[in-house]
Amino acid sequence: MNDLTITVPAERKWILALRTTIGACGSIAGLSLDTISDLRLAIDEGFDLLSHQPRKLEKIRMDCSIDQGMLHIKLQGIRSEKAQTCAPQDPQTAKLIIGTLVTDIHLEGDSCGIHSMCLSISTGEEVNERG
């Protein structure tokens with residue numbers, strides 16, 4: 001099994017834990033240092049996107065998995081239980097920036113804004129076709 005999960009408080013100082021973890025995952029996946037650097041930037045942008053939505057976050061969870069030549073990352077905001085009035089912000093700028101750093105990006109949200117981001121990037125390994 002090639003899965004990892006880390007949950008940190010939704011405070012900017014904890015981005016270092018996520019950046020370090022994504023660096024380790026990228027290294028295990030065999031990514032280049034340049035690609036790992038791009039992933040760290042994508043995690044920075046994703047953290048900022050999630051933490052600047054109208055509904056307050058308590059924690060941020062990052063799930064990483066390596067499967068069939070791809071590194072998949074999900075960054076998810078764990079929201080406060082308190083009811084809040086929401087006016088979501090437009091995520092398109094962040095999506096464009098992150099999209100230049102990874103192979104695939106998918107944002108998930110609702111009326112209170114973006115609450116999770118899924119990224120994928122090729123590890124460069126060939127995938128064996130099973131027939």
Side-chain angles (χ1 to χ4, degrees):
M1 181 179 294
N2 291 314
D3 298 336
L4 174 133
T5 298
I6 182 173
T7 304
V8 299
E11 300 171 25
R12 182 72 183 152
K13 65 184 176 184
W14 286 97
I15 191 71
L16 180 59
L18 297 178
R19 288 175 55 87
T20 301
T21 302
I22 201 61
C25 289
S27 181
I28 290 167
L31 300 178
S32 71
L33 292 177
D34 286 341
T35 302
I36 290 170
S37 180
D38 287 348
L39 277 179
R40 287 181 173 137
L41 289 173
I43 294 302
D44 279 349
E45 288 291 328
F47 186 96
D48 286 344
L49 174 64
L50 294 177
S51 63
H52 288 97
Q53 294 297 309
R55 188 156 173 196
K56 182 177 173 15
L57 298 181
E58 301 222 346
K59 299 175 187 173
I60 293 193
R61 174 181 164 164
M62 184 171 71
D63 298 296
C64 301
S65 63
I66 303 168
D67 180 44
Q68 297 188 9
M70 297 292 286
L71 172 60
H72 303 283
I73 304 143
K74 182 173 185 176
L75 206 58
Q76 180 178 9
I78 300 170
R79 294 171 167 170
S80 170
E81 293 296 322
K82 296 179 183 177
Q84 298 172 350
T85 304
C86 299
Q89 299 174 1
D90 184 7
Q92 291 308 311
T93 301
K95 186 175 181 178
L96 288 172
I97 292 169
I98 297 167
T100 66
L101 303 169
V102 298
T103 307
D104 186 41
I105 178 173
H106 175 73
L107 301 177
E108 298 173 4
D110 58 19
S111 63
C112 287
I114 301 300
H115 56 76
S116 66
M117 172 182 82
C118 300
L119 312 172
S120 295
I121 190 162
S122 174
T123 63
E125 291 186 17
E126 295 293 323
V127 176
N128 293 328
E129 294 293 324
R130 296 183 185 181

Just how far is it from atom SG of Cys118 to atom NE2 of His106, taken to the nearest 0.5 Å?
6.0 Å
Do Met62 and Ile78 land in one hydrophobic cluster if side-chain heavy atoms of ILVMFWY residues count as linked below 4.5 Å?
no
Taking all non-hydrogen atoms of both residues, which atom of His115 and which atom of Arg79 are closest, and how far apart?
CB-NH2, 3.5 Å
Nearest 0.5 Å, what's the CZ-CG distance between Arg19 and Leu41?
6.5 Å
Can you check side chain to side chain contact (heavy atoms under 4.5 Å, CB included) on Ile73 and Ile43, steps first, answer last?
CA-CA 9 Å; Ile73 304 143; Ile43 294 302; 4.0 Å; yes
Do Leu75 and Leu49 touch side chain to side chain, with heavy atoms closer than 4.5 Å?
no
Within-4.5 Å side-chain heavy-atom neighbours: Leu39 and Leu71
yes
Minimal non-hydrogen separation, Val102 against Ser120, with atom names
CB-O, 3.7 Å
Please report the interatomic distance OG1(Thr35) to CZ(Arg40), rounded to the nearest 0.5 Å.
11.5 Å
Shortest non-hydrogen separation from Gly46 to Met117 and the atoms involved:
CA-CE, 3.5 Å
Measure across Gly77 and Leu50 and return the closest heavy-atom pair with its distance rounded to 0.1 Å.
N-CD1, 3.9 Å
Working to the nearest 0.5 angstrom, can you tell me the gap between Leu119 CG and Leu107 CG?
8.5 Å
Distance, nearest 0.5 Å, that separates CG of Leu31 from OG of Ser122:
8.0 Å
Got Ile60 and Trp14 here, is their nearest side-chain heavy-atom distance under 4.5 Å?
no
Heavy-atom distance under 4.5 Å between the side chains of Asp63 and Asp3, does that happen here?
no
So do the side chains of Lys59 and Pro9 get within less than 4.5 Å of each other, counting heavy atoms only?
no
Counting distance only, does the side-chain N/O of Arg61 pair as donor-acceptor with the main-chain N or O of Gln76 below 3.5 Å?
no
Reported NE2-to-CE distance for the pair His72 and Met70, which is rounded to 0.5 angstrom:
5.5 Å
Should Ser51 and Arg12 count as side-chain neighbours, where that means a heavy-atom distance under 4.5 Å?
no
Is the backbone N or O of Gly69 less than 3.5 Å from a side-chain atom of Thr123, with the two atoms forming a donor-acceptor pair by type?
yes
Is a donor on one side and an acceptor on the other found under 3.5 Å between the side chain of Thr20 and the backbone of Leu16?
yes
When you measure from the side chain of Ser27 to the backbone of Gly23, do you find a donor-acceptor pair of N or O atoms at a distance under 3.5 Å?
no
